[in-house]
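Count residues from 1 along the sequence.
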Amino acid sequence: METSSPRMAGGTREVAVNSSPAVAANSEGEEIEVLESTDVLPVAPEDQWKSLFDKYDPENSGFISTERFRDLLAAHGSELDPHKLEVLLALANGNADGKICYQDFVNLMTNKRSNSFRRAILQGSRQLKGCSLRDEVGLGLSQRFVRHVAYETLPREVDRKWYFDSYTYCPPPWLILAITIAEVAVFMYYGFQLDRLVLQVSSPSFLKSPLPYHPQLRAQAWRYLSYIFMHTGIEHLSLNMAMQLLVGVPLEMVHGAMRIGLVYVCGVLAGSLAVSVTDMTAPVVGSSGGVYALVSAHLANVVMNWSGMKCQFKLFRMAMALVCMSVEFGRAVWLRFYPPAFPPCPNPSFVAHLGGVVVGLTLGVVVLQNYEQRLQEQSLFWIFFCVYTLFVLCAVFWNIFAYSLLDVRLPPPP
């Protein structure tokens, strides 16, 4: 066995080392120094990815050639998710200028929604030749559920593979679940208080709650959002809750609570404001504005990407979703024009459903259509968001001035 001994020169001790892990001992055998390899693949944080990239960029230019990038993947590809490796290779093979930018690399490895992510996804979708995610076997129950969600919501195979590798259930889809639980809790509370579960709206105390929107109490701004926690009866709650969970939870798992919350809240606010503008004497209850925004956006996304969506029985399921929406909307229209139990206050309006649909077909479609890109980088998102903001401002001024200018006869406060 051959060993290298330390050499003393000018009072400085030099130790010869290899690039692999080694153990060096001093001449007295009293000190042991462990030298660790620099070839270990860093994980998650961006500052650690930099050290790996710099090994292939000795000039610190911020770019490496596609050849060096392939060498990087060849050396460390076994430690990456296989589907992510496929997209990275597609990016290297399709890069026209022959260089890979450090920021592109970091964005890809940390799943950031950016233009570089979008380019890699589009390039990967053209060149990806691996087997379908549906053909993979040996998956656990949670992995099969994530795969099911991917096929329910994403139109491109490369998107589905990337999402399947990246999703960790952390955080879980908490927003839609929390809203649904709160709605059920409020309904049960008023069910016991009013001593009825069907057609609670027929109770004289129903609108005395601080939650429903009422035209006489429109100055209480929270009512434009809090009305979602009140429902006219168990039939109203059941339909809304079913659509909210079956569509909202998968969408939140893919797009995140912030994006889905934006569509949901915009639908809720648009619903109450639409009622205050078009059905000025009617109250509003129910989460239909937010639910219809999510369902409409999802159905529109499926239709726009019909050939790419691989969910099972998609035509039958779309028909069932439309039937449920139609039944719920028909119930709301019937109730609105049914003689109220306590005139002159009319029954709750159905216009909130239409407000939610409009939000879903505009703002919601843009949010759901681009899984791989940041919203702030999409010009169409800003166009629809500005139009939505303009509508909100106009509706606010309408609520302040129009009721008195038009001399609208409002029902007495509850």
Side-chain angles (χ1 to χ4, degrees), residues 113 118 149-150 152-156 159 163 173-180 224-225 227-228 239-275 284 286-306 308-309 311 314 317-318 320-322 324-326 328-329 350-392 395:
R113 290 183 172 102
R118 180 182 177 85
V149 169
E152 287 290 308
T153 56
L154 296 173
R156 293 192 293 266
D159 285 338
Y163 165 73
W174 60 271
L175 179 63
I176 296 299
L177 292 176
I179 293 174
T180 304
Y224 289 91
L225 296 175
Y227 74 91
I228 68 170
L239 284 170
N240 277 348
M241 188 172 64
M243 291 188 288
Q244 187 165 278
L245 291 175
L246 292 175
V247 176
V249 170
L251 289 179
E252 186 181 347
M253 289 177 64
V254 172
H255 297 281
M258 185 171 294
R259 286 189 171 204
I260 298 307
L262 174 66
V263 177
Y264 191 88
V265 171
C266 286
V268 169
L269 183 59
S272 56
L273 289 175
V275 172
V284 187
S287 57
S288 299
V291 172
Y292 275 56
L294 291 180
V295 176
S296 300
H298 178 57
L299 293 182
N301 190 37
V302 172
V303 172
M304 293 169 63
N305 300 279
W306 186 259
M309 298 298 291
C311 51
K314 58 184 176 182
R317 292 163 68 179
M318 274 200 64
M320 289 302 299
L322 291 174
C324 290
M325 293 176 69
S326 301
E328 159 57 16
F329 182 70
F350 61 87
V351 178
H353 299 67
L354 303 179
V357 169
V358 173
V359 169
L361 295 180
T362 53
L363 193 64
V365 168
V366 177
V367 171
L368 301 188
Q369 192 175 11
N370 294 285
Y371 159 71
E372 77 287 347
Q373 191 179 9
R374 291 190 180 103
L375 290 180
Q376 60 266 32
E377 294 177 349
Q378 303 178 54
S379 57
L380 197 58
F381 167 76
W382 287 112
I383 292 174
F384 284 133
F385 188 78
C386 290
V387 171
Y388 177 82
T389 303
L390 182 62
F391 161 73
V392 171

Kindly determine whether Glu152 and Arg317 satisfy side-chain contact (heavy atoms from CB on, under 4.5 Å), including the steps that lead there.
CA-CA 11 Å; Glu152 287 290 308; Arg317 292 163 68 179; 2.3 Å; yes

Report the C-alpha separation of Val149 and Leu154 in whole Å, then their side-chain angles, then the decisive distance to 0.1 Å, and conclude whether the side-chain contact (heavy atoms from CB on, under 4.5 Å) test is met.
CA-CA 8 Å; Val149 169; Leu154 296 173; over 6 Å; no

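In this structure, Pro155 and Met304 have side chains that are not in contact, with every pair of non-hydrogen atoms separated by 4.5 Å or more.
Using modelled atom types, no side-chain atom of Tyr292 and backbone atom of Ala352 make a donor-acceptor pair closer than 3.5 Å. Side-chain atoms of Tyr264 do not come within 3.5 Å of backbone N or O of Ile176 as any donor-acceptor pair. Checking side-chain atoms of Ser272 against main-chain N and O of Leu269 turns up a donor-acceptor pair under 3.5 Å.
By the neighbour-count criterion of 12 heavy atoms within 6.0 Å, atom CZ of Phe384 is densely surrounded, having more than that number from other residues, nucleotides or ligands. Heavy atoms of other residues, nucleotides or ligands lying less than 6.0 angstrom from CH2 of Trp174 number 12 at most.
Considering every non-hydrogen atom in both Gly267 and Ala293, the closest pair reads CA-CB, 4.0 Å. Contact detail for Val247 and Val295: the closest heavy-atom pair is CG2-CG2, 4.1 Å. Considering every non-hydrogen atom in both Leu363 and Cys266, the closest pair reads CD2-SG, 3.8 Å. Between Leu375 and Phe381, the closest heavy-atom pair is O-CD2, 3.5 Å. Closest non-hydrogen pair, His255 versus Leu368, comes out as CE1-O, 3.3 Å. For Ala300 against Val365, the heavy-atom pair with the smallest separation is CB-CG2, 3.6 Å.
Among pairs with a residue in residues 350-362, those fulfilling side chain to side chain donor-acceptor pair (under 3.5 Å) read Ser288-His353, Glu328-His353, at least two apart in sequence or across chains.
Between atom OG of residue Ser296 and atom CG of residue Asn301 there is a gap of 12.5 Å, rounded to the nearest 0.5 Å. Note that the CG atom of Leu299 and the CG atom of Leu294 stand 11.0 Å from one another [nearest 0.5 Å]. For the atom pair CD1 of Ile260 and CG of Leu175, the computed distance is 9.0 Å after rounding to the nearest 0.5 Å. Expressed to the nearest 0.5 Å, how far CE of Met243 lies from SG of Cys324 amounts to 6.5 Å.
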